[in-house]
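Residue numbers count from 1 along this sequence.
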Amino acid sequence: MTQRLHLVFGGELVSPDKTAFKDVKDIHIVGMFPDYASAHAAWKAEAQRTVDNAHMRYFIAHIHRLRDEETAASATEELG
């Protein structure tokens with residue numbers, strides 16, 4: 001069975017209208033989750049916890065997509 005890993009992370013942004021972190025060393029890694037539903041629940045909890053700070057933002061990264069791209073690239077290299 002294919003794992004659909006998702007990483008939830010966030011931190012304070014330079015500006016609310018940008019996605020650049022103020023200090024990369026202060027990024028909060030919430031965790032890695034086996035499916036989107038559990039990642040979304042963790043993201044929502046952190047987003048609600050920090051709702052009063054417009055500069056705080058949390059994200060869900062689809063790690064399984066990165067792994068799929070690596071697999072596709074390897075297959076292409078083998079064919080080419």
Side-chain angles (χ1 to χ4, degrees):
M1 181 176 180
T2 303
Q3 288 183 320
R4 299 279 185 190
L5 298 176
H6 296 80
L7 173 66
V8 178
F9 66 99
E12 190 170 1
L13 302 178
V14 174
S15 171
D17 61 342
K18 306 251 189 265
T19 57
F21 290 102
K22 185 175 183 179
D23 188 351
V24 176
K25 290 182 246 170
D26 290 335
I27 290 177
H28 174 212
I29 305 295
V30 178
M32 188 74 71
F33 298 88
D35 54 57
Y36 182 80
S38 57
H40 186 266
W43 167 84
K44 187 174 181 180
E46 292 301 324
Q48 288 177 339
R49 186 180 65 77
T50 59
V51 71
D52 291 335
N53 183 348
H55 285 80
M56 287 295 287
R57 190 76 40 87
Y58 281 85
F59 302 90
I60 299 174
H62 300 269
I63 301 301
H64 62 93
R65 290 182 184 166
L66 297 174
R67 289 180 34 207
D68 292 346
E69 288 174 8
E70 289 175 5
T71 302
S74 295
T76 303
E77 288 173 6
E78 289 173 10
L79 294 175

Going from [atom1] on [X] to [atom2] on [Y], what distance comes out if it is rounded to the nearest 0.5 angstrom?
X   : Y   : atom1 : atom2 : answer
Y58 : I27 : OH    : CD1   : 10.5 Å
F33 : W43 : CZ    : CH2   : 13.0 Å
F21 : D26 : CZ    : CG    : 11.0 Å

Provide the closest heavy-atom pair for [X] versus [Y] in the form atom of the first, atom of the second, distance.
X   : Y   : result
V30 : A42 : CG1-CB, 4.1 Å
A54 : P16 : O-CB, 3.7 Å
H6  : R4  : ND1-O, 2.7 Å
A39 : V8  : O-CG2, 3.5 Å

Any residue meeting side-chain hydrogen bond (donor to acceptor under 3.5 Å, both in side chains) with H55, in chain and number order, not counting sequence neighbours: none
Do any pairs count as a side-chain hydrogen bond (donor to acceptor under 3.5 Å, both in side chains) and have a residue in residues 9-20, sequence neighbours left out, and if so which ones? S15-D17
Using 30° and 60° as the class limits, which term best fits the ring planes of H64 and H62: parallel, tilted or perpendicular? perpendicular
Report yes or no: do I60 and I29 belong to one cluster of Ile/Leu/Val/Met/Phe/Trp/Tyr joined by side chain heavy-atom distances under 4.5 Å? no
Using distance alone, with no hydrogens and no angle criterion, decide if T50 and N53 have a side-chain donor and acceptor under 3.5 Å apart. no
